Each structure stands twice: as structure tokens, then as C-alpha cells.
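Here the structure is a predicted model, which is why all the values come from computation and not from measurement. The figures that follow rest on heavy atoms only: side chains count, while hydrogens, waters and symmetry mates do not.
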Amino acid sequence: MLISWRSWWQRARPRTLRSRLIVWNSLLVGVLFTLLGFVVYFAQANALESSAQSGLARETAIVQAALDRDMQPQPPYWPSTLSIPEIDDYTAPGVTVQISDLHGTLHYTSANSNAAPIQIPQGVLADVLRGQSVTREIKVEHQRTLVQALPVTAQGKVIGFAVIARALTDIDTALTSLRWLLVATTLIALALAMLAGWQITQRALRPLTQIAATANAITRALSDGKGNTPKPLHLRVPEVDDEGEPGALVADVNRMLDALDAYDLRQRQFIMDASHELRAPLTTIRGNLEFVRRTG
């Protein structure tokens, strides 16, 4: 498996400097936007859930105040009609309140509640019947729901329990939209990073491209036996409007070509002078050899 991954990477990795710079720049932007997206997402998720918990706590306080006000001090404790106008008239969206006795009979359900009682886990119900107030996140009809369960007491004993439930559907919908928005933003940022990287590298690497083109032209001219380019070392790299490293590199290459051109000129001049100086002695030697051959 390691060998196959290594061979795949050998085939798939970027070959040119430009492609490597674009890939690394895009990866860096992608990582930064991904990390930023995680931070934004979890911060927003915590803020929304904290707001839901705060709203649930306010509704719970209203329910507790209503129970303290309306419950009868003597048996049967439960009033004939248990009404909480504060909940029915001003309850927050998505909040459901149900109050039941120990037998599971509903004595109150908020106006926006379903007819079926909210089923809370047995462990939570056991803690509530022992007099504890419990907050849990459960599934109600396959939807995430934040539930606050608290005991209903009279004369120091538990006679029922109240369930205040806050559906988290709107939070889940908002977080889903936020996830898609962050994914879309990251993809757009990657596309822009690749486009910007291509533009920047094209401009930054243009001197290298021109140097390579000039070097190839000189090489072809020097290896051309037909002499189509009689003075290939006269070729120069076009100047670039850059005072940084690219401009300095082009200037250095051109100075090198000037030095090579001057050296080639001196070498050609030396060969011409040597040829001229050797032509007369060689002619004399050839004449003498021809005379010896004829007289001998």
C-alpha cells in the first residue's frame, strides 16, 4: 500500500515550479479558510445553543412560578384546570410545556404542544421523581430537542413532573445553511487563490521564462551548422521592470552573456591572427617540399 501511494504521488505531484507554487498557495488558503470555518461554525453553534438554553431557563422559571401560584396546598393538589397564560400567550417559538402527575396523566399542555406526551428517558424521569431538575438533549420525532424536566412538589413530596422542551430544528437548519455557506466560501476562495496564484507566478516567473527562451535560442544557434544565426551570443534577455531579485537575475545573465560575447570575439580574433601569421610559413614550407619532391 505504501509503495502504491508513493508511486501515485510520483505520478500526480506537480512537476513545474509554477504548478507547485499554485498548489501550495491554494492549499495554504484552503487550510486557513477551513480553520476559520471551523472556528466560525463552532462559535455560532455554541452561541445558538447557549441562547436556546437561556430561553429554556426563562420558560422554566415561568412554569415554576405558575406552579407555585396555582397548585392547591391540600390534596388533591391539582386544580381542576391548570392554566399558564404566560406560556400560552407569550411562549417562545418551538417551546413546548407539558405537566403530568405520577400516573402520566397530562394536567397541562401548552397551546402549541402536540397531543402526545413528550417521552423522556427513564433515567431522567427517575432523577426527576427523586426531586432533581434535569436538562438533557433528546430526540423527539427524530428531531434534536433540548428538555428541562423538573419535579412538581407539594408538602415536600413529588406529585408529578413538568417537561419544558425546546426544539432545536431552527438551530439545525441555521447550522446546515452555515455549513453550506462556509463550504461554498472555501471553494470560492480556493478558486480565487488558484487564479491569483497563476497570475502572480506568471508575472514573477516571466524573467525565468525569458532567460530559458534566450538560452534555448543561443543553444539552437550554436548547434546550427548552417550558420543561420552568425552571432548567437549577441542575443540578450529582455529587460524587466523589476528592481527585486528577478530584475537582478536578468541583469546578471545579460552581463554574463556580454562577457561570453567578448570572450568569443577575442577568441575569434586570436584564431584569425594566428591563421594569418601561420599562412606565410606554411606556404614557404609547402613550396620547399614541392621543390624537393621535383628535384629528388
- [ ] Could you walk me through whether Ile99 and Leu67 pass the side-chain contact (heavy atoms from CB on, under 4.5 Å) test, one step at a time?
- [x] CA-CA 10 Å; Ile99 302 175; Leu67 289 174; 3.7 Å; yes
Which atom pair, heavy atoms only, marks the closest approach of [X] to [Y]?
X      : Y      : answer
Val152 : Ala162 : CG2-N, 3.9 Å
Val29  : Ala193 : CG2-CB, 3.7 Å
Ser110 : Thr96  : OG-CA, 3.7 Å
Val158 : Leu102 : O-CD1, 3.5 Å
Pro79  : Leu82  : CG-CD1, 4.0 Å
Ala52  : Arg166 : CB-CG, 4.3 Å

How long is the span from the [atom1] atom in [X] to the [atom2] atom in [Y], to the nearest 0.5 Å?
X      : Y      : atom1 : atom2 : result
Leu56  : Thr135 : CG    : OG1   : 6.5 Å
Thr186 : Leu182 : OG1   : CG    : 6.5 Å
Gln72  : Trp78  : CD    : CH2   : 11.0 Å
Leu181 : Leu175 : CG    : CG    : 12.0 Å
Asp170 : Leu48  : CG    : CG    : 8.0 Å
Ile200 : Ile22  : CD1   : CD1   : 10.0 Å

Is [X] linked to [Y] within one hydrophobic cluster, defined over Ile, Leu, Val, Met, Phe, Trp and Tyr using a side-chain heavy-atom separation of less than 4.5 Å?
X      : Y      : result
Val134 : Leu129 : yes
Leu21  : Leu192 : no
Ile188 : Leu195 : no

Are side-chain heavy atoms of [X] and [Y] found at a separation under 4.5 Å?
X      : Y      : value
Ser100 : Thr105 : no
Val163 : Val147 : yes
Tyr41  : Arg179 : yes
Thr153 : Ile159 : no
Tyr77  : Lys157 : yes
Leu168 : Ile171 : yes
Leu150 : Thr60  : yes

Side chain of [X], backbone of [Y]: donor and acceptor closer than 3.5 Å?
X      : Y      : result
Glu59  : Val95  : no
Asn46  : Phe42  : yes
Thr145 : Gln143 : yes

* Stepwise, does the side-chain contact (heavy atoms from CB on, under 4.5 Å) test hold for Ile120 with Arg136? -> CA-CA 9 Å; Ile120 60 176; Arg136 287 288 187 277; over 6 Å; no
**Study point:** Verdict with reasoning, Gln98 to Tyr108, per side-chain contact (heavy atoms from CB on, under 4.5 Å)
**Key:** CA-CA 6 Å; Gln98 294 182 350; Tyr108 170 81; over 6 Å; no
| message | Counting neighbours of CD on Gln155 that are heavy atoms of other residues, nucleotides or ligands and sit closer than 6.0 Å, is the number greater than 12? | response |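 Correct, the count exceeds 12.
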- Tell me, yes or no, whether the heavy-atom count around Met194 atom CE, taken from other residues, nucleotides or ligands under 6.0 Å, exceeds 12.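 For Met194, atom CE is not crowded (no more than 12 foreign heavy atoms under 6.0 Å).
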### Query
Does a side-chain N-to-carboxylate-O contact under 4.0 Å join Asp258 and Arg255?
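Judged by the 4.0 Å cut-off on N to carboxylate O distance, Asp258 and Arg255 do not form a salt bridge.
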Is Arg144 paired with Glu49 through a side-chain N to carboxylate O contact shorter than 4.0 Å?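 Arg144 and Glu49: salt-bridged.
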